[in-house]
Amino acid sequence: MSRPELPPLPSDGDLRRLIHFSASDGRIWLAGQRMVLIHTAALGALRRELMESVGPMQTRRLFTRAGFAAGERDANLAREIRGNASLYDMFAVGPQLHMLQGAVHVTPIRFEADQATGRFYGEYRWEHSWEAEAHKRMFGPQTGPVCWMLIGYASGYTSTFMGRTILFKETSCTGMNDAHCHIIGKPLEEWPDADELSSWFKAESLLNTIRELQTEVESLRLEIIAPDADKTRLIGQSPAFRAAYALLQTAAPTRVTVLLTGETGVGKERFARALHALSPRASGPFVAVNCAAIPHALIESELFGAEKGAYTGSQAARPGRFERAEGGTLFLDEIGELPLEVQAKLLRVIQEGEVERLGSTDSRKVDVRLVAATNQDLARAVQEGRFRADLYYRINVYPVVIPPLRERRDDIEPLGQAMLERFALQHGKPVPTLTDHAYDALRRYAWPGNVRELENIVERAVILSRPDREVDAKDLFPGMSQPDGATVDHLGQLQESQAGRVDCHALLDQLQDYGGGLEGLERALLHEAVDRANGNLAAAARLLGITRPQLSYRLGRRQDQESRT
């Protein structure tokens, strides 16, 4: 009994619209991932270099794994693009993207899949394989198949799509002078040579073991010491960050009072904690005080302590923050908000190393390293009489300016990755992956709220993330779209596209898929607008950009036409 013929692949119009050529900044995008056009001759030269340096087995393994990684990335697009399509059409995203990327022409021969049970059998014919052509040109006809990267792509895509290991095998190849390439894919355990086949998709055993151990150690570190380590670990490699951190390291072993300045949200408390951790006082307490968050009437007792009965409601003597920080570091954030009378008392504590509790005449010696921080211009505050000049000169002995995030853009990606891991652990979710477009958007953003704003955006992205779906720029910054550029039309030609422009090709594709013609599309739009507006015709008319009488007329006309037919 002959097997039923497979239907043709669906229209690839939805995929072509994902390819975006941004000539203004020299980048190409596939959905949220950055792509490059590269000469097959260059890839062939790389292939030759690897063959001559590490041998054919390692070269095959490297190309296969590279293809597998590319297939994994594309598989995540399938449900995003065709979530409501049939399983066949949804799976076809992979073969069609492979063709649009210029890798090979794909003709499906057999496709049997059941996601509920994990059953899969796929058979495809490949023509015009770039890999077979390049390999044969350089090394002549071969005795075995050579489409290593393409096989890796098919296996990576299918394994991710099906949620289990599905490996493809090339049974004929134009690199062996066959008429065309032919591949078969099925679950790993169904291959009689499964061990040999799977070896091409694995890293070298020793390297793989080391990487697994590193992953395990990092996981344990996050679980055991992440809360404390995160408070002191600073991340950054930009010149602006390195300059500030070098000043911090120089000051750490001394007793000098450090003044941290910078915009709101740059991470002044994190720098203060890092300074404490680097100092000989690391084993002592670190006490942080936000001077702007404590009422002026209470700030003196909070800092210096109070005796019983010193003020109404004081039922017992209690130490202040200076005493609690004994042997360690006291961090005064927003020091510019201190009242002038408290500034005078603070100056005496810094100079004499003694505190006097509110309501007491006795002084107490304290051994405390003071670190202050502000986002104000204290020199101007001195001129305006809001800050004592003598205190300013006393705390401004060793100023450290913390750069805003917009001046350390090279640090945004490592900072974002560290935050992804921290918030994923905190919220009990897998660590999501950001697309290239998302990272590009993070680097281009102005960051008025600095590191604190980055934390908020990343935490929201972790909370909203879904399994098997990468976080794109629009998830971080709702409403963001790609810049003006060009897409690929149905003839494979570049077509200029601009933000806000109606995509007529998309509408035409939908019209063809709908099958009801222009009249049917108008009827569907009318009913969709009414449904979205919950039956409110005035609201539905606003959605369509027409008046309510016009909508009523069109609906009535449609009903008359339907009744006549």
Side-chain angles (χ1 to χ4, degrees), residues 3 6 47 50 55-79 87-88 90-99 101 103-127 129-132 135 142-176 178 180-205 207-209 211-212 468:
R3 194 180 300 112
L6 287 177
R47 198 180 188 96
L50 289 171
M57 292 183 64
Q58 288 290 354
T59 302
R60 176 176 177 179
R61 182 176 287 112
L62 289 170
F63 271 81
T64 302
R65 289 171 56 214
F68 193 95
E72 286 181 310
R73 305 285 276 194
D74 283 356
N76 293 325
L77 292 174
R79 287 178 178 81
L87 186 63
Y88 177 77
M90 196 188 305
F91 183 84
V93 167
Q96 289 181 296
L97 281 178
H98 220 186
M99 288 192 283
Q101 292 163 6
V104 67
H105 181 268
V106 184
T107 302
I109 298 173
R110 185 176 171 187
F111 177 80
E112 299 172 4
D114 186 338
Q115 289 195 299
T117 62
R119 181 176 62 86
F120 182 88
Y121 184 90
E123 198 171 335
Y124 294 86
R125 183 171 68 249
W126 280 350
E127 296 169 296
S129 161
W130 78 264
E131 203 167 9
H135 195 100
Q142 301 295 298
T143 58
V146 295
C147 297
W148 305 329
M149 184 176 283
L150 303 189
I151 280 290
Y153 179 95
S155 300
Y157 178 86
T158 309
S159 296
T160 303
F161 185 91
M162 295 298 297
R164 63 178 304 193
T165 304
I166 308 290
L167 299 186
F168 275 81
K169 186 175 183 179
E170 199 172 8
T171 58
S172 64
C173 180
T174 55
M176 301 188 297
D178 292 325
H180 58 262
C181 302
H182 181 270
I183 64 169
I184 294 175
K186 53 187 177 181
L188 174 62
E189 61 273 13
E190 295 183 17
W191 286 105
D193 53 349
D195 291 341
E196 179 189 355
L197 194 60
S198 62
S199 68
W200 303 114
F201 297 86
K202 297 178 181 177
E204 192 67 44
S205 58
L207 294 176
N208 201 40
T209 301
R211 192 169 292 112
E212 289 176 355
D468 302 323

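A donor-acceptor pair is defined here as one N or O able to donate and one able to accept, closer than 3.5 Å; such a pair exists between the side chain of S172 and the backbone of H180. One N or O on the side chain of S198 and one on the backbone of D195 form a donor-acceptor pair closer than 3.5 Å. Judged by distance alone, with hydrogens and angles left aside, the side-chain atoms of T64 form no donor-acceptor pair with the main-chain N or O of G152 at under 3.5 Å. With hydrogens and angles disregarded, a donor-acceptor distance shorter than 3.5 Å links the side chain of R61 to the backbone of S199. Formation of a donor-acceptor pair under 3.5 Å by the W191 side chain with backbone atoms of L197 is not found in this model. The backbone N or O of F91 sits less than 3.5 Å from a side-chain atom of Y157, completing a donor-acceptor pair.
Residues forming a salt bridge (Lys or Arg N to Asp or Glu O under 4.0 Å) with D193 (at least two apart in sequence, or on another chain): K169. For T174, the side-chain contact (heavy atoms from CB on, under 4.5 Å) test picks out A132, C181, with sequence neighbours left out.
The distance from atom NZ of K186 to atom CD of E123, rounded to the nearest 0.5 Å, is 10.0 Å. Atom NE2 of H135 sits about 11.0 Å away from atom CE of M176, to the nearest 0.5 Å. Atom CD1 of I184 is separated from atom CD of E190 by 12.0 Å, given to the nearest 0.5 angstrom. Between M149 atom CE and S129 atom OG the span is 11.0 Å, to the nearest 0.5 Å. Summarising the geometry, atom CZ belonging to F120 is positioned 9.5 Å from atom CD belonging to E112; distances are rounded to the nearest 0.5 Å. Once rounded to the nearest 0.5 Å, the distance linking SG of C173 with CD1 of I183 reads 11.0 Å.
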Would E170 and D178 count as a side-chain contact (heavy atoms from CB on, under 4.5 Å) if you check the C-alpha gap in whole Å, the side-chain angles of each, and the deciding distance to 0.1 Å? CA-CA 12 Å; E170 199 172 8; D178 292 325; over 6 Å; no
Is there a side-chain contact (heavy atoms from CB on, under 4.5 Å) between E131 and V146? Walk through the geometry before answering. CA-CA 7 Å; E131 203 167 9; V146 295; 5.8 Å; no
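Remark: R73 is not positioned above the aromatic ring of Y153, lacking an NZ or CZ atom under 6.0 angstrom from the ring centre and at most 45 degrees off the axis.
When each of F161, Y88, Y121, Y124 is tested with F111 by the rule ring-ring contact (aromatic ring centres under 6.0 Å, His included), just one qualifies, namely Y88.
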